[in-house]
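These notes are about the structure you will find just below.
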Amino acid sequence: MKILVPVKRVPDPELKANIKDGKLDLSGAQWVVNTFDEYAVEAALRLTENADEGSRDGEVVVVTIGPDDAAVQLRSCLAMGADRAIHVASEDANLDSLLVAKTLKAVYDEEKPDMVLLGKQAVDGDTNQVGQMLAALLNLPQATFAASIELADDGKACVVSREVDAGVEFKKLPLPAVVTVDLRIVSPTSITNGITPESHEYADGPRYASLKGIMKAKKKPMDNKTMADLGVSGSPVVKELEVTLPEARAAGQIVESVEELVKKLSEEAKAL
Amino acid sequence: MDFSLNDEQELIRQTARDFAQRELAPKAAARDLSGEFPVAELKALAELGLMGVNVPEAFGGAEAGAMAFSVVMQELAKADASVAVTVSVTNMVAELISAFGTEEQKKKHVSKLTSGEAVCGAFALSEPQAGSDPAAMKTTATKVDGGWKLKGNKQWISHGDKAGVIVVWALTNKDAGTRGISAFLVEGGAPGLAVISAEHKMGLRGSTTVQLGFDDVFVGEDAMLGTEGMGFRLAMAALDGGRIGISSQALGVAAAALEVSLAYANEREQFGQPIIRHQAIANKLADMATKLEASKLLTERAAWMKDQKIPFSKEASMAKVFTTEKACEICDEAIQIHGGNGYTQDFPLERFYRDVRVTRIYEGTSEIQRIVIARQLIKEASN
C-alpha cells in the first residue's frame, strides 16, 4: 500500500492574523502543517502500520508545493513517520487550487500511489477544492470529508464513512482513489487496515513527532522538484483582490422573560 | 551570528510545545492543589524522547544537543514547572551516567531513564548540613566484601521517592576533602533506602521533594560512577548542565507570565481604556519583555557553548543567576498588572510566582552562582 499525502503549510491558526493594505501580512508568521493535512498524514500512517507491533507495512509519501522554507513542514511529516518527501518549489502567490491540483496530478503520474489522502481543506484559504479537482483531473473515484476508512477486498478497495446531515454515509471505492479527511479521521478507532488488530485504540488526535522521529527525519529522502520538471505551467485563474476582517459582532442582549424574547425576535429581529 | 533554531530544534520545540499545551497545561493547576505526581505524563514524555534529549541514541536518547534541551525545558515550564523540574533532573542524571558510566552502567540505567521504565532519575548530593557546601557531607560509603555500604541522610532530593535511578554522593575517604567524595548508582527501592520525610513546599507542588535515609544500603563494585574520589568533579560537571535546565525552566515560567499579562492588559479596562494604554502598565510590560529576552540570550548562549564543546561553566552560572532573578521579577510584576486577580487562584500568576521562586535556590543558589562566576574571573585575570 502506497499513499500520497499532499500537505500545505499555513500560518499558525492559533495566532492572530494581521492585515496590512488589504493583504494578509505574513512577514512574522509562524508556519505549521495545515491541521487537516496533518490528520491525513496520521490516517496514512495508521493505514500502513501494525500499531500493536510498531512495524510499518507500506509507504507514505508526503508532497508539498511551496517556497524553500516549506521544507520544515515536510520534515515535520517525516518526523511523524512518513517515509519520504517531495518538495515542489513555488511561491504561494503563484498558486491557486487548480494549479496545485494540476501539479499534484503530475506527481501522481510519477508515483502511481494506491491512494491520495489529503485534508478536506486548508485552514488558511478554506477553499475545499484541491481534492475534488485532483480526482476530476485523474478521473479517479473520490470520497470527501472522510470520518473513517476501512481497507477492503485485500487492499483493492476502501470503505469510507462520511458524516452528512441525515446521518453517516458509507462509500465503497475501488483503489486507486482520492480521499479527503475530516477531523474525526483521527479518533481512536477510525482506521481499519486489516493488519493492526481491530481492538487497537489509538490516542485521540494526530501523533506527536518524537525526538527520535525528528532526528531520523534528517536522513529520510526529500526530492526537490520544480513545476517545470513536472511539466506544469500556467498562472493562477483566481486572483486575490482584498482581504478584510469580518465585521465585529454586535453585543448580545440579556432578556428577562420568554415573552420579551419572543417580542424582540418578532419586532426587532423580524425572525418570527 | 545566527540566533534562529535549526529545523530539528524548531520541530523539537513544536513537539514539546504541543505536548505541554495539550497534555500538561490543562491539569497543572489541579496538580498544584492536589500534589498528584504525574507518572502517566512522565511516561508519555519518555516515549517522545524528552527524558534523554542530549543522550546518545545507543541508550535511547535523541542526541539532539543542549540547545534542544533548553528549548524543551522552556516549553514544558510554560505549561507546568513541576513536570519541567522532574524532566530537567532526569535528563541531567541520564547525561551524567552517559558521560561517565561504564557500558554496563549505561545499558542498565540510562536506557531505563530514557524509556520511562525508571519513571525519573534523582540526584542525591545535598544533606541537612551540606547544602551549598557539599564537601561538608556526612554520608559514607564503606568498603565491604563485593561492594560498598552507604550510610547517611540526603536532603532536598527532587522526586527521590519516585525515581528508579538515584545518583548518591558519599565519602569514601573522610580525610581527603572533596577528593574523598565518590558517586554511586542506587536503584529506587533498594533495601535499606527509606523516604524519611516529604517537604511541604511553597511551589512546584506537582513534584515531590524528600529526605532519603540510607541505612547500610549495599551496592556492588559496579555501582560506582567514575572512579573513587571523582564524585565531586562529577557533581560539578552535572550541575553546569543542570543550571542550563533550571535557567530554561525559569525562562518558561516567566514567558508564560508575560503572555498571560499581555492578554490581560489588552482586555482589562480601567479609566475607559485597556490598561495596556496606561503608560505605567505598558512600561512594566516593556521591562518584563526586555528582561525575558536578555535572559533567553544568556541561557541559549550557554547551551550553544555546551553544544560547541566550549567550557561553559561561567556562562551557565551567569545565565542561571540572571534568568532566575529576572524571572522572579517578571512573575512579581505579572501579579501587579493583574491587581487583586493576580493574587487569586482564578489566575495562574500566583502559582507561577510560587513555582519560580525556588529557581534562585536549587541547582546552586544565586549566591553560589556569583562565587562560581567570580572565581572564573579571578582565574582569567591571573592567567
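Letters A, B, ... are given to chains in the order of the sequence lines, protein chains preceding strands, and every chain is numbered from 1.
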- Query: Where does B/E63 contact chain A at under 4.5 Å (heavy atoms): side chain, backbone, both or neither?
  - Reply: backbone
- Contact class of B/Q14 relative to chain A, heavy atoms under 4.5 angstrom: side chain
How about [X]: does its [atom1] atom have over 12 heavy atoms from other parts shown lying under 6.0 Å from it?
| X | atom1 | result |
| --- | --- | --- |
| A/D68 | CG | no |
| B/K106 | NZ | yes |
| A/R56 | CZ | yes |
| B/R17 | CZ | yes |
| A/K216 | NZ | no |

- Message: My understanding is that only one of A/V72, A/D69, A/I214 makes a side-chain contact (heavy atoms from CB on, under 4.5 Å) with B/D7; could you say which?
- Response: A/V72
- Distance from A/R207 atom CZ to B/L48 atom CG, nearest 0.5 Å? 12.0 Å
- Task: Starting at CG of B/N6, measure out to NZ of A/K218 and round the result to the nearest 0.5 Å.
- Result: 7.0 Å
- Is B/T15 reaching over with its side chain to a backbone N or O of A/Y208, donor-acceptor style, under 3.5 angstrom? no
- Could you tell me which non-hydrogen atom of A/S210 sits nearest to which non-hydrogen atom of B/E47, and how far apart they are? CB-O, 4.2 Å
- Task: Could you pull out the closest heavy-atom pair between B/G49 and A/L211, with the gap in Å?
- Result: O-CD2, 3.5 Å
- Query: How about A/W31 and B/E10: do any of their side-chain heavy atoms sit closer than 4.5 Å?
  - Reply: no
